[in-house]
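All ligand and atom numbering here is 1-based and tracks the order in the structure. Owing to the predicted nature of the structure, the values given are computational and were not obtained by experimental measurement.
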Amino acid sequence: MILVTGASGQLGTGVVEHLLTKIPANEIAVLVRDAQKVATLQAKGVSVRTGDYHDVASLQTAFDGIDKVLLISSNDFNNRIGQHKNVIDAAKEAGVKHIFYTSVTLKDIEQSPLKPLLADHYQTEEYIKASGLTYTFLQNSLYFEVVPMFVGAQVLETGIYFAAGEGKVAFAARQDLAEATANILASTGHENKAYPLTGAAAYSFAEVAQVLSVIAGKTVGYHSPESGEFEGFLRQIGLPDGIVLMSVLFAAGIKNNDFEAVDTTLEHFLGRKPTDLKQFLQGIFA
Ligand SMILES: NC(=O)c1ccc[n+]([C@@H]2O[C@H](COP(=O)([O-])OP(=O)(O)OC[C@H]3O[C@@H](n4cnc5c(N)ncnc54)[C@H](OP(=O)(O)O)[C@@H]3O)[C@@H](O)[C@H]2O)c1
């Protein structure tokens with residue numbers, strides 16, 4: 001039986017939807033904090049188990065009878081490595097055989113401005129390896145879905161103001177990652193592998209602006225301020241500290257070309273070309 005954590009979230013919802021098209025519902029379990037969020041899955045025959053990454057006992061109970069666990073990385077940066085360690089320890093204790101982990105693909109974490117935010121993915125990978133569990137790392141690129149977040153909902157009117165310079169990102173659509181992850185979970189031969197899952201091309205924010213200009217039928221500009229000016233602007237418009245820090249660090253990471261590398265593994269597991277920039281932006285802004 002396969003258990004998916006984070007199944008109330010956006011990636012997890014997609015993974016379970018795709019898994020349901022491949023294997024019987026009674027071979028799928030989900031771990032959620034609030035069972036009400038996945039009532040429709042329960043109605044389909046999926047085994048719904050409640051548990052919290054902060055609560056090892058709840059995780060051990062939830063993992064009873066499970067062969068494979070997909071650990072979807074926590075979205076709570078407060079001691080995220082501790083949360084992940086709890087899941088890994090509980091999986092081992094409960095006799096889980098194989099753990100799949102949604103990690104990140106990044107040029108060089110040691111040199112990255114994103115080290116304070118994302119080094120815990122690599123620490124989690126190391127902890128899984130040291131646990132002796134069979135593993136598969138799904139090293140996800142940045143989601144295309146972060147683009148609207150970074151450029152703002154009014155971008156066609158305002159243009160792009162984002163400190164990413166000419167840095168490029170091999171964005172991947174979250175639904176493509178969900179589909180490929182389900183394909184991997186439902187098939188064999190993934191023991192002790194790390195899969196970099198990226199889009200088929202890397203794009204700069206200048207290229208994002210060009211595609212948005214075509215969609216809008218007018219010029220959508222791109223201005224990349226210096227990092228200090230960018231941070232000052234985000235504070236001036238009243239964004240919370242956490243959002244300011246995240247935006248500044250991601251912009252710096254992108255400028256540093258941390259997510260530039262393109263890999264064909266996502267295309268391989270989808271059996272088709274991944275969503276590209278034009279398709280994604282048309283779906284959101286056209
Ligand atoms: N590659 C990228 O560009 C990118 C972008 C954003 C995030 N991420 C990472 O990828 C993960 C999946 O993305 P997503 O879009 O699906 O995120 P999401 O929609 O925010 O979902 C996160 C999931 O984690 C669960 N969760 C959080 N804390 C938990 C805890 N203490 N115990 C049990 N479950 C917990 C949430 O449960 P509740 O429903 O109970 O809150 C939710 O189901 C994120 O969590 C984050 O680590 C990657």
Side-chain angles (χ1 to χ4, degrees), residues 3-18 29-41 48-63 69-91 100-106 109 112 114 117-125 137-150 164 169-182 195-199 202-203 242-243 246-247 249-251 253-254 258-259 261 263 266 274-275 280:
L3 180 140
V4 177
T5 76
S8 52
Q10 299 164 93
L11 182 68
T13 299
V15 171
V16 176
E17 271 171 16
H18 284 286
V30 294
L31 177 104
V32 288
R33 289 189 283 194
D34 177 358
Q36 283 185 346
K37 288 189 178 177
V38 292
T40 53
L41 292 181
V48 174
R49 302 170 182 209
T50 49
D52 191 306
Y53 295 165
H54 291 285
D55 177 357
V56 182
S58 73
L59 297 169
Q60 277 177 8
T61 308
F63 293 159
V69 166
L70 169 63
L71 166 55
I72 292 195
S73 53
S74 179
N75 59 1
D76 171 3
F77 284 81
N78 180 21
N79 189 21
R80 193 159 66 149
I81 181 65
Q83 297 174 53
H84 294 170
K85 282 181 175 177
N86 285 344
V87 176
I88 297 154
D89 291 346
F100 297 71
Y101 173 64
T102 62
S103 187
V104 69
T105 179
L106 198 144
I109 190 67
S112 172
L114 283 159
L117 278 185
L118 300 183
D120 53 6
H121 279 303
Y122 295 95
Q123 291 161 6
T124 302
E125 289 189 359
F137 299 145
L138 308 153
Q139 295 170 329
N140 294 339
S141 185
L142 275 192
Y143 300 159
F144 266 127
E145 285 75 6
V146 302
V147 173
M149 229 170 65
F150 290 147
V169 180
F171 293 109
R174 185 161 36 209
Q175 279 309 314
D176 285 350
L177 293 169
E179 185 178 340
T181 299
Y195 295 133
L197 301 175
T198 79
Y203 306 97
I243 302 287
M246 199 171 285
S247 305
L249 293 184
F250 269 98
I254 293 169
D258 281 353
F259 304 101
D263 192 281
L266 178 60
T275 305
F280 175 77

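For atom 15 (O) of ligand 1, the nearest non-hydrogen atom from the set Arg174, Gln83, Met246 comes from Arg174. Distances from atom 33 (C) of ligand 1 to the heavy atoms of Phe77, Tyr53, Phe250 show the closest one on Tyr53. Among Leu71, Thr105, Asp52, the residue whose heavy atom lies closest to atom 31 (N) of ligand 1 is Asp52. Of the candidates Arg33, His121, Lys37, Glu145, it is Arg33 that places a heavy atom closest to atom 36 (C) of ligand 1. Atom 39 (O) of ligand 1 has its nearest heavy-atom neighbour, among Ser8, Ser141, Ser73, in Ser8.
Annotation for ligand 1: atoms under 4.0 Å from non-hydrogen atoms of Ser74 are 27 (C), 28 (N), 45 (O), 46 (C), 47 (O). With ligand atoms numbered from 1 in the order given, ligand 1 contributes 47 (O) to contacts under 4.0 Å with heavy atoms of Arg80. Set against the non-hydrogen atoms of His54, the atoms of ligand 1 under 4.0 Å away are 31 (N).
Judged by distance alone, with hydrogens and angles left aside, the side-chain atoms of Thr198 form a donor-acceptor pair with the main-chain N or O of Asp263 at under 3.5 Å. Between the Thr5 side chain and the Leu70 main chain, a donor and an acceptor come within less than 3.5 Å of each other. Between the side chain of Ser74 and the main chain of Arg80, no donor-acceptor pair closer than 3.5 Å is present. For the pair Gln175 (side chain) and Thr275 (backbone), a donor-acceptor distance under 3.5 Å is absent. A donor-acceptor pair under 3.5 Å is absent between the side-chain atoms of His18 and the main chain of Ala180, judged by distance alone.
Nearest protein heavy-atom contact of atom 21 (O) of ligand 1 is Gly9 CA, 3.4 Å. Nearest non-hydrogen protein atom to atom 6 (C) of ligand 1 is Tyr143 CE1, 3.7 Å. Ranking protein heavy atoms by distance to atom 16 (O) of ligand 1, first place goes to Leu11 N, 2.7 Å. Among all protein heavy atoms, the one lying closest to atom 17 (O) of ligand 1 is Gln10 NE2, 4.4 Å.
Taken from CG in Leu138 to OG1 in Thr105, the straight-line distance is 11.5 Å, to the nearest 0.5 Å. How far CD1 of Ile254 is from CG of Leu142: 5.5 Å, rounded to the nearest 0.5 Å.
Neither the backbone nor the side chain of His84 comes within contact range of ligand 1; no heavy atom lies under 4.0 Å.
The two residues Val104 and Gln139 make their nearest non-hydrogen contact at O-CB, 3.5 Å.
When only interatomic distances are considered, the shortest N/O to N/O separation between Asn75 and ligand 1 falls below 3.5 Å. For ligand 1, the polar-atom distance check against Gly6 finds a nitrogen or oxygen pair separated by under 3.5 Å. Every N/O-N/O distance between Leu142 and ligand 1 stays at or above 3.5 Å.
Assignment of Ile72 to the shell around ligand 1 is supported, since a heavy atom sits closer than 4.0 Å.
Residues Asp52 and Ser58 bring no donor and acceptor atom of their side chains to less than 3.5 Å of each other. Side-chain contact, Ser73 with Thr102: a donor N or O sits under 3.5 Å from an acceptor N or O. In the model, Glu145 has no side-chain atom that pairs as donor or acceptor with a side-chain atom of Gln10 under 3.5 Å.
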